[in-house]
Each structure stands twice: as structure tokens, then as C-alpha cells.
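Inspection log for the structure reproduced underneath, given as C-alpha cells.
Order of listing sets the numbers, starting from 1, for every ligand and every atom in it. As a basis for the values below, the full set of heavy atoms in this structure was taken, side chains included, without hydrogen atoms, waters or symmetry mates. Because the structure is predicted, anything quoted here is derived from the model rather than measured.
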Amino acid sequence: MTEARGIKLVLFGPPGAGKGTQAQLLKERLGIEHVSSGDLFRHHLSNGTELGELARGYMNRGELVPDQVTIGMVIDRIGQISDAQGFMLDGFPRNAAQAEALETALRERGQAIDKVVHIQVDDGELIRRLSNRYICRACQRPYARDAETGVPPAKCADCPDGGDIYQRDDDTEEAVANRLSIYHQETAPVLEFYRQRGLLADIPGEQTIDAVHHAVLRILDAAHAATVSKS
Ligand code: AMP
């Protein structure tokens, strides 16, 4: 039985690895908060805030939004979550400066990341998944085209008023290529930062959603058991 309340987790992996899907499952099962930097930016975009306008161009091109904006936004959000509840970060940190800023901000609060779960998927599979990805405008739940009709659902099954399903502007072929190249150049090196701290666990991401979910739960169980035996 996974006992993970209060855990501070980073879900790490390239765009399309399934971090958002896994975060949703973990949230339903364990009640820990899901903090997705991409969702926070999309929320600002749809509310037309200054921060959203600033981020728009970078997002549409598939580039990273500058650290001065991103780090403050995510650290503020984490600061609203109680220590007892815990959180999982999805899409952050995405470069070395973000990883260091996160570590410093948590240390100042007497906290630390407990585990980094790295979901590994090859580029070919990521391109296939992202070009077939649609999401709900209201709750961000991901959908794919129907295997038989080739059409995505029009409305979200989870949202009370049936949120609109749409394809993200940055899931175009050009933006996807850019995002993958930035992932390899700037984001993947952050794995070494966490490996050195003994926090990294790798999971093959080209399995069923359920198999990945159970692999994540096993990792959280082991992390929890290690914490209990230390205390
Ligand atoms: P995602 O939903 O995680 O794929 O993020 C969508 C877009 O938001 C990215 O392509 C970036 O433009 C921006 N973004 C999200 N997270 C970050 C981050 N940690 N650093 C910089 N930009 C980010």
C-alpha cells in the first residue's frame, strides 16, 4: 500500500512521455498536488494575464520561457502547498538553473525533493504520440484520436459542462522538433544533477499507462520505506 502523503516528487521526462497522465493517476490515488509549469502557463494564457502574454511566443515556438519568469511562478505555487500534503512537479525543472533554484527554495523551507521519477521514451514514439495528442481546454486531460474514426472526442468526459477538446499550438511538427531538441540539450542534463544526489529512478515509458503507474507506485513505496528506516 503506497503511503506517499507529504512526498515531494519530480516527474521527469521528455514532452509526450506521459508525465501529465501519470500525475493525474497519482493525484487521484494519493491526493498529492500536481504542479505542472506548462498548465500554469496555459492558465495564464487563457486568462490573458501579462505573464501569459510574455510566455505565448516562447510556448508557440516550443522554446523555454525565460527562467526569471518561470522559476518565480513555480516556486510561488509550491509555497501554497502544505508540507503534509506534498506535491509532484511536472515539466519543472527543465534546466540546471531551475533545478538549483528549486533546491535552494526548498532548503530555505526545510524541505527537499524526495524522489525524481524519469519516464523514458524514444523520440520516434514521442513524435507519434504528440502529433496524435489532444487536450481538454478546461482540465487539461489528454485525449487521442479514435483508432477507428481518426477523430478526437469533441468534449471532455471528465468536465461537468464537457470542456472543449483541442490540439495545442505547440504540438505542431515544427514546435515538437524544437521541444525535443531543447529537451536533449538543456533538460536531460538535469538528470545527472539528481543522479548525483541519489534521487533518480528510471522507468521505461513505452509500456501501458497502467504498467507505468504501478512502476511509479513501487518506486514511491521504496522511497517511503527508505525514509521510515532512516527516521
Ligand atoms: P509542457 O506542457 O510542459 O510541455 O510545457 C509547454 C510549454 O510551456 C513549454 O514548451 C515551454 O514553452 C513552457 N514551459 C513549461 N515549463 C517550463 C519550464 N520549466 N521552463 C521554461 N518553459 C517552460
[X] versus ligand 1: do any nitrogen or oxygen atoms come within less than 3.5 Å of each other?
X	answer
Phe41	no
Val65	yes
Ser37	yes

Proximal ligand 1 atoms for Gln98, defined as those under 4.0 Å from one of its heavy atoms: 18 (C), 19 (N), 20 (N), 21 (C)
Arg42 heavy atoms, cut-off 4.0 Å: which ligand 1 atoms fall inside? 2 (O), 6 (C)
Check each heavy atom of Asp39 against ligand 1 and say whether those closer than 4.0 Å belong to the side chain, the backbone, both or neither. neither
If we set the cut-off at 4.0 Å for heavy atoms, which region of Thr70 has an atom near ligand 1: side chain, backbone, both, or neither? side chain
Arg61 to Tyr58 six-membered ring, cation-pi geometry met (6.0 Å, 45°): yes
Row check, Phe193 ring normal vs Arg197 NZ/CZ: under 6.0 Å, within 45°: yes
Give a yes or no on whether a salt bridge exists between Asp83 and Lys8, defined as a side-chain N under 4.0 angstrom from a carboxylate O. yes
Scanning both residues in full, the closest heavy-atom pair of Arg145 with Gly150 reads CD-O, 2.8 Å
For atom 12 (O) of ligand 1, state which one of Gln140, Glu63, Arg56 supplies the nearest heavy atom. Glu63
Selection from Glu186, Arg94, Met59, Met73 by shortest heavy-atom distance to atom 1 (P) of ligand 1: Arg94
With rounding to the nearest 0.5 Å, note down the distance linking CD in Glu173 to CG in Asn178. 12.5 Å
Just verifying a value: how many Å separate Leu25 CG and Asp210 CG, rounded to the nearest 0.5 Å? 8.0 Å
Which of Val35, Ile78, Val10, Ile71 passes side chain to side chain contact (heavy atoms under 4.5 Å, CB included) with Phe92? Answer is Ile71
Looking at ligand 1, is there an atom of it that comes within less than 4.0 Å of some heavy atom belonging to Arg61? no
For Lys19, state whether at least one heavy atom is located under 4.0 Å from any atom of ligand 1. no
When distances are taken from atom 6 (C) of ligand 1, the protein heavy atom at minimum range is Arg168 NH2, 3.4 Å
Full working for side-chain hydrogen bond (donor to acceptor under 3.5 Å, both in side chains) between Asn47 and His43: CA-CA 6 Å; Asn47 287 327; His43 190 71; 3.1 Å; yes
